[in-house]
Every structure is written in structure tokens, then in C-alpha cells.
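Everything numeric here is computed off the predicted structure, so don't read it as measured data. Whatever order the structure lists them in is the order used to number ligands and atoms, beginning at 1. For reference, positions follow the sequence shown, starting with 1.
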Amino acid sequence: MRKFYHVRKTGSLKNIRQHATPILENEPGKVLVQVKAIGLNYADLFAIMGLYSATPKGTFIPGLEFCGVVLASDTERFAQGDPVIGVTRFGGYTTHIVADPHYLTPLPAGWSFEQGAAFPVQTLTAYYALKTLGDIRHGQSILIHSAAGGVGLQANSIAKKFDAYTIGVVGTASKLDTLKNAGYDKGIVRGHAFRRELVAALDGRELNLVLEATGGKYFRYSYDALAAMGRVVAYGSADFTPSSHRPNYITLAWKYLMRPRVDPLSMIPANKSVMGFNLIWLYERHEIMARLLNEISLLTLPPPMVGHTFAFDDLPEAISLFHGGGTTGKVVVIV
Ligand SMILES: NC(=O)c1ccc[n+]([C@@H]2O[C@H](COP(=O)([O-])OP(=O)(O)OC[C@H]3O[C@@H](n4cnc5c(N)ncnc54)[C@H](OP(=O)(O)O)[C@@H]3O)[C@@H](O)[C@H]2O)c1
């Protein structure tokens, strides 16, 4: 049997249900993969809560990345038994998937399925932010928000390949050890002393690049702290995460009204840039994705840190823990 989770109606994290159907047949030109591990992404939560505009209309299966073994292949690139990593534009919360080979890549030797499932989305996000948009240069100082999470830890690994000085920002002091073990140079906890602590952490250095994933007042503080020629790359809005399993639209509207804004006219004399992106739009451009994955492979990054694992039947608990904001590293569901 094939098991999967789907959402009929968005609006609450409780709207996710498990289903079972007969196992899938492969399709012409495609690859049937038996999924062994699924990577959770923050976008999954926003999609289920109805806060992500890229979510398919109607019933959908969440999930953007997986790792598994090829069961059947109608392409020469992959053979039965090959271990593969895959990305998918939704549809990943499943035990079996018919995948487009453009979005599959071999699992590196020595990596576990969990590490494979933790790799593509967070690494592409961190690389695109740091290299493509951030134009990272050797020895620069970089501030990374949500630093102990999936994207944040990969961003630090990549930044270290450029000998960057990295400062990580986290929500609680309990995550500071994770930053230290991952090789960040400094760690800061979000709070009233943030701006002072950032100056101390920089210790006289210029701040050249910010990876911003919260979307609230810390965006403004980070932008203000940038040196001339500095860049903020924005790719997340965790500050808008509803604290309950369903959105409170009044709170969201208030946060939206109070969101930080940057005046383009003031950016010219300040000599600072702000950029944003959503990786999901790269899905239609698989040739760009393949080029980025190739550039990433040349960095020979260590396997990503898997912080929490859950069984497939416990996927709703995995979502609940992830939603609470207390996780470190990647949250992975094992099939
Ligand atoms: N634009 C894109 O294409 C793209 C692609 C992938 C991911 N992203 C974004 O990148 C960020 C990291 O993604 P991820 O999947 O690796 O997740 P993650 O960082 O592993 O987990 C999300 C983290 O957000 C932080 N956070 C900040 N404010 C929060 C709040 N009010 N409630 C709950 N958590 C809060 C928490 O860490 P701290 O409290 O320690 O900061 C939490 O651990 C997310 O914002 C995600 O949306 C964007």
C-alpha cells in the first residue's frame, strides 16, 4: 500500500489526514521512488495553515523534499535500487512518489536517508541567499537569523567555505550550544539587548550580509546595522507564525501593518540593498536548480545536521514540534 498525508481544506495544522491507496504505477519518462525519509520545511506549515500563496488549490499533499530508493525507472539516468534525493512542488508527505528525473539527484555515498532528505531545500535556500543574491566574499561578516534551524545551519556551513565571520541569531539561549558546535563565531538571542549584542559580536568588524527569515523588527535592526555596500537577503517571515494551530487574522493583520519597510530612496545614499526570493519559483527552472546543485557539490559540504526524527505515523507530532519554534537542525520523518 501507499500511505500519504493530505489536506482537504487549509486553515489549521489539525487538517492533515493520513490515507492509504494501492501502490502507484510508474509513468513514462518518470521514476517511481520508495520514500525512506521526508524533510520538513517551514513552508509546509504555512501551506497547511493557508498562509502560503504557492499552495495548490483544493486538496493537496504537503511536502517539498524526500530521499529514497528507486523502485522502477523509465529513464537511463536512474536504475532500480539507486538511492536518490528528490525535490517536488508539493506531494512529498508520502511513502511512494512518481518523480520527474529532473528533480532527482544521487544520494552521496556514506549519507543516511535522513541526511539526504534534510539536504536539498535548506541547502539551495542557503546557497541562493549567500552566493547568488548575497555575492558572499571571503572573510565577510554575516548575520544569520534562525541560525540553529535547517537553513541557518547550512548557511553557516556554506559561509565557512568562504572563511566568513558568522553571527547566528536564535530565539532561546538553549540553542546557543548548537551554534557553537556548528562552528558559528558568535551567537545572539533575540531580545531587547539585540542591537547592543550585535555591536559587541561584530567587535569592530563591518556587517556585510544578513540572511533574514523573521520578517519583523529584527529585519529593521539588521538593516540598520549593515555597513555601506551591505545586503539583506530576505526569504522568510517566521515572526508571522501563528502561535496556535490556526491563524489569528487580527494578530496577523496587525503584524502586517507593523511590518518593517525600507524606502528605496533612502537605500541609495545609504548604499545598502535588500533582496528577496522564494525558491519554489525555481522549481519551474530545473536547469537553474541543477546548476546550483552542481555548484553546491563542488563545496563538498558535510552532511546536514538532522536534529529530530519521527516515524511516518507520527508526522502530525513532527509538525507540532516544528511549529513551536524550539527545534534545532532539520526535522525529518522516517518512512
Ligand atoms: N524563501 C524560500 O525559498 C525559503 C525556502 C526555505 C526556507 N525558507 C525560510 O527559511 C526559514 C528557515 O526555514 P527552515 O525550514 O530551515 O526552518 P527552521 O529554521 O528549522 O525552523 C524555523 C525557526 O524559525 C524561528 N522562529 C522565529 N520566529 C518564530 C516564531 N514566531 N514562531 C516559531 N518559530 C520562529 C525558530 O527558531 P529561532 O526562534 O531560534 O529563530 C524556528 O526554529 C523559514 O523562515 C522559512 O520560511 C524560505
Starting from [atom], locate the nearest protein heavy atom and write down its residue, its atom name and how far away it is, to 0.1 Å.
atom                    : answer
atom 36 (C) of ligand 1 : G325 O, 3.5 Å
atom 6 (C) of ligand 1  : T125 OG1, 3.3 Å
atom 14 (P) of ligand 1 : V151 CG2, 4.0 Å
atom 19 (O) of ligand 1 : G149 CA, 3.4 Å
atom 29 (C) of ligand 1 : A238 O, 3.5 Å

Output the distance between atom [atom1] ([X]) and atom [atom2] ([Y]), rounded to the nearest 0.5 Å.
X    : Y    : atom1 : atom2 : value
L315 : L40  : CG    : CG    : 5.5 Å
I136 : D163 : CD1   : CG    : 9.5 Å
L107 : I85  : CG    : CD1   : 5.0 Å

Taking non-hydrogen atoms only, is [X] closer than 4.0 angstrom to ligand 1 via side chain, backbone, both or neither?
X    : answer
N278 : both
R190 : side chain
K175 : side chain
F322 : side chain

*Would you tell me which option among Y218, Y42, Y52 has the nearest heavy-atom contact to atom 15 (O) of ligand 1?*
Y42

Main-chain N/O of [Y] paired with [X] side-chain donor or acceptor, under 3.5 Å:
X    : Y    : result
Q154 : V151 : no
Y103 : Y283 : yes
N156 : L153 : no

Per-atom contacts, ligand 1 versus [X] - under 4.0 Å to a heavy atom:
X    : answer
L279 : 2 (C), 3 (O)
G171 : 38 (P), 39 (O), 40 (O), 41 (O)
G236 : 45 (O)
S146 : 19 (O), 23 (C), 24 (O), 25 (C), 41 (O)
Y235 : 1 (N), 2 (C), 4 (C), 8 (N), 9 (C), 10 (O), 48 (C)
H323 : 33 (C)
G150 : 16 (O), 18 (P), 19 (O), 20 (O)
A213 : 11 (C), 45 (O)

*Quick check: does A147 get an N/O under 3.5 Å from an N/O on ligand 1?*
no

*asked:* Could you tell me if the side chain of M229 sits less than 4.5 Å from the side chain of N208, heavy atoms only?
replied: no

*asked:* Does any part of the side chain of T328, heavy atoms only, come nearer than 4.5 Å to the side chain of M305, both counted from C-beta?
replied: yes

*asked:* Quick one about S297 and E295 (side-chain donor to acceptor, distance below 3.5 Å, no hydrogens or angles considered), yes or no?
replied: no

_salt bridge (Lys or Arg N to Asp or Glu O under 4.0 Å) assessment of K3 paired with D313_ = CA-CA 9 Å; K3 289 197 217 168; D313 287 346; 3.3 Å; yes

*Describe, in one word, how the ring planes of Y221 and Y218 are oriented to each other, choosing from parallel (under 30°), tilted (30 to 60°) and perpendicular (over 60°).*
perpendicular

*Can you list the residues that meet the side-chain hydrogen bond (donor to acceptor under 3.5 Å, both in side chains) rule with D100, with sequence neighbours excluded?*
H102

